[in-house]
Amino acid sequence: MYLFNTMGRSLQRFEPLHDHKVGFYGCGPTVYNFAHIGNLRTYIFEDILVRTLRRFGYDVTHVMNITDVGHLTGDDDTGEDKMVRSARERGSSVLEIAQFYTDAFFVDTQRLNINRPTIVCKATDHIQDMIDLIQRIEANGYTYFAGGNLYFDVSKFEHYGELAGLQLDQLKAGARIEIDPNKRNPFDFVLWFTKSKFENQALLWDSPWGRGYPGWHIECSAMSMKYLGEQFDIHAGGVDHIAVHHTNEIAQSEAATGHKWVNYWMHAEFLVLDKGKMSKSSGSFLTLQTLVDKGYDPLDYRYFCLGGHYRSQLSFSWEGLDQARAARLALVDRVVALKEAAGQPAHSLARPEQIGAAAKAYLQAFDDALSDDLAMPRALAQVWTMLKDTEIPPADALACILDMDRVLGLSLDAAEKREASVDAETVRWIEDMIRRRAAAKKARDYAAADAIRNELKAKGIQLEDRPDGTSWKLTN
RNA sequence: GGCGCCGUACCCAAGAGGUAAGGGAGAGGUCUGCAAAACCUUUAUGCAUCGGUUCGAUUCCGAUCGGCGCCUCCA
């Protein structure tokens, strides 16, 4: 398969370090607030990546960090501060707050059918690993101590900025922020703080450089190497990480080990609103729960994300989400219909390799799209074209779509008539109404018949007259 | 100031140097007492604008306009 590697900005054939094993590290959430749907887009992308790699036979070890140290108390946004404050008043610790948002994060990802990473690791559980790594960097001569903090000296690292295409002399340092006067070079960054820039840094640890806390980039270097080795295959995150976070991770990691660290860098583009990216400061902070509260299924949002390529900005709108929901429900209906037509339970279906040639061609096209840098929109197009191909027997189509869903992650195997959830009493009532309407129709009293139909429709029940009688369904 | 991305039908969104996937929405039709559903058909001679390269560009190059991102924690 081919993946777009930010390092080199090109499509590259994916060759894992070790045979069929893939070491994958995805930057996880900073747990001082709820994740918003823009954040979630990136995790959906990573989920698609992992599912695709596994589909193609790789044994993936997926590591994700939980950043529960750093700027937890430095967040001066107003939104959720009361959360922190009330927790403190109740005697809760910052770590308990972190745990709260970590739990919330995994509730969201689970609702989106995002597979849990193989290893989830918290920064605060790995302080010693970070200290050990910093000492290696220090021993190799890449650091200096100033103003109470230990800095990484970017001028010592020859390839600094390669990932982002940065040329230090051309950057306008401090364009948007004041330069730390302790830095020799504006792009130097802190490995270990003893002088907090926040007044009440809550978490402190002893270290060779004094009591303090780690810099913001070191945790990813330390934890990824701990679980995946000093060199591994893929590292992913949002595009915003390219210039600073990942650039600094590379510098410190390779300064410590003296060799290449990561082979493939992948970055997901932003979900954008009319006015730009989603952020707290602009007041456009939508959580998955907000969508649920408005009546959407989390998978509507997953489907929405599947509609755009991960390397393109995706514009969010309620209209767009409505369209995704309509498409997803149509897909589910289709699968339900196929199940009935195929007349057999899903588990007894043909395995992919036993599917007929016609359907198999679509499966191949689907895989081809995935292997071309995860071209989900094209893969989705194959899904629909296959489903509308009348040449394909229902059983084949069903086996095919369920196999595709191993990557789509839309829970199509669980698709069933939503009508099954209606309670028995209501069903009896509906059936009674249908009988009364049938009688009215027989008497050619269409006004009465239509009145019954309208009454049901007002309750969200749609009647459908078929050659073999009248059936009903819930309206979308 | 530096770096980068994008501008495709009513909406979302693929794509490709050789004549525009898919979904949503809309329209027409079949069916129906009428609907609904389903199915069929259909909706960009056109891909921001202006130049250039080419037998040929929307796809390559340049300029312009517009939008967005990064250079600060940030998905």
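Every chain is numbered from 1 and lettered A, B, ... according to where its sequence line falls, protein lines coming before strand lines. Quick caveat, the model's predicted, so the values are computed rather than measured.
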Need one value for [X]: base, sugar-phosphate or nothing, where a base atom within 4.0 Å counts as base even if backbone is also close, heavy atoms only.
| X | answer |
| --- | --- |
| A:Ala268 | nothing |
| A:Arg334 | sugar-phosphate |
| A:Lys442 | nothing |
| A:Val244 | sugar-phosphate |
| A:His241 | sugar-phosphate |
| A:Phe304 | nothing |
| A:Ile242 | nothing |
| A:Gln382 | nothing |
| A:Ser471 | nothing |

Please give the distance between the [atom1] atoms of [N] and [M] as a whole number of Å.
| N | M | atom1 | value |
| --- | --- | --- | --- |
| B:rA9 | B:rU43 | P | 16 Å |
| B:rG51 | B:rA37 | P | 48 Å |
| B:rU30 | B:rC68 | P | 48 Å |
| B:rC74 | B:rA21 | C1' | 35 Å |
| B:rU8 | B:rG4 | P | 22 Å |
| B:rU58 | B:rG46 | P | 10 Å |
| B:rG62 | B:rU54 | C1' | 16 Å |
| B:rA57 | B:rG52 | P | 11 Å |

Original post:
Do A:Ile48 and A:Tyr310 pass the side chain to side chain contact (heavy atoms under 4.5 Å, CB included) test, and can you show the C-alpha distance, the side-chain angles, and the key distance before you say yes or no?
Top reply: CA-CA 10 Å; A:Ile48 294 295; A:Tyr310 79 90; over 6 Å; no

Original post:
Looking at A:Arg325, does any N or O in its side chain come under 4.0 Å of the phosphate oxygens OP1/OP2 on B:rA25?
Top reply: no

Subject >> A:Thr385 side-chain N/O to B:rA21 phosphate OP1/OP2 under 4.0 Å >> reply: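 No, because none of the side-chain N or O atoms of A:Thr385 sits under 4.0 Å from OP1 or OP2 of B:rA21.
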
**OP:** Indicate yes or no: does A:Lys360 engage A:Asp403 in a salt bridge with an N to O separation below 4.0 Å.
**Re:** no

**OP:** State whether A:Arg378 and A:Asp368 are salt-bridged, where the test is any N-O pair (Lys NZ or Arg NE/NH1/NH2 against Asp/Glu carboxylate O) under 4.0 Å.
**Re:**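 Looking at A:Arg378 and A:Asp368, the cut-off is not met.
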
Original post:
Under 6.0 Å between ring centres, would you say that holds for A:Phe316 and A:Phe304?
Top reply: yes

Original post:
Nearest nucleotide by nearest heavy atom, which residue falls closer to the 5' end of RNA chain B, A:Arg9 or A:Ser312?
Top reply: A:Arg9

**OP:** Please figure out whether A:Arg311 or A:Gly307 has its closest RNA chain B nucleotide nearer the 5' end.
**Re:**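 Mapping each residue to its closest nucleotide by heavy atoms, the 5'-most match is A:Arg311.
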
What N/O pairs connect the protein and nucleotides 8-11 of chain B at under 3.5 Å? Give each pair on its own line.
residue : atom : partner  : partner atom : Å
B:rC11  : O2   : A:Gln323 : OE1          : 3.0
B:rC11  : O2   : A:Gln323 : NE2          : 3.0

Original post:
Under the criterion ring pair (Phe, Tyr, Trp, His ring centres under 6.0 Å), which of A:Tyr227, A:Trp265, A:Trp261 is the partner of A:Phe232?
Top reply: A:Trp261

Original post:
Checking ring pair (Phe, Tyr, Trp, His ring centres under 6.0 Å) against A:His217, which of A:His246, A:His245, A:His241 comes through?
Top reply: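 Going through the options one by one, the only one that passes is A:His245.
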
**OP:** Would you mind telling me which of A:Arg116, A:Arg302, A:Arg41 makes a salt bridge (Lys or Arg N to Asp or Glu O under 4.0 Å) with A:Asp47?
**Re:** A:Arg302

Is there any protein nitrogen or oxygen under 3.5 Å from a nitrogen or oxygen in nucleotides 31-35 of chain B, and what are the pairs?
residue : atom : partner  : partner atom : Å
B:rG33  : O6   : A:Arg437 : NH2          : 3.3
B:rG33  : N1   : A:Asp450 : OD1          : 3.0
B:rG33  : N2   : A:Asp450 : OD2          : 2.8
B:rC34  : O2   : A:Arg453 : NH2          : 2.6
B:rC34  : N3   : A:Arg453 : NH1          : 2.7
B:rC34  : N3   : A:Arg453 : NH2          : 3.3
B:rC34  : N4   : A:Arg453 : NH1          : 3.4
B:rC34  : N4   : A:Asp465 : OD2          : 3.0
B:rA35  : N6   : A:Asp465 : N            : 3.3
B:rA35  : N6   : A:Asp465 : O            : 3.4
B:rA35  : N1   : A:Asp465 : N            : 3.3
B:rA35  : N3   : A:Arg453 : NH1          : 2.9

Original post:
Roughly how far, to the nearest 0.5 Å, is OH of A:Tyr362 from CD of A:Gln382?
Top reply: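 A:Gln382 CD to A:Tyr362 OH: 7.5 Å, rounded to 0.5 Å.
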
Subject >> Separation between NZ of A:Lys473 and CD1 of A:Ile430, rounded to the nearest 0.5 Å >> reply: 13.5 Å

**OP:** Please name all residues satisfying ring-ring contact (aromatic ring centres under 6.0 Å, His included) with A:Trp429, sequence neighbours left out, ordered by chain then number.
**Re:**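 A:Trp429: no ring-ring contact (aromatic ring centres under 6.0 Å, His included) contacts found.
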
Subject >> Whether A:Phe24 and A:His62 hold their rings parallel, tilted or perpendicular, with breakpoints at 30° and 60° >> reply: tilted

Original post:
Between B:rG22, B:rC71, B:rA75, which one does the side chain of A:Asn39 approach most closely?
Top reply: B:rA75

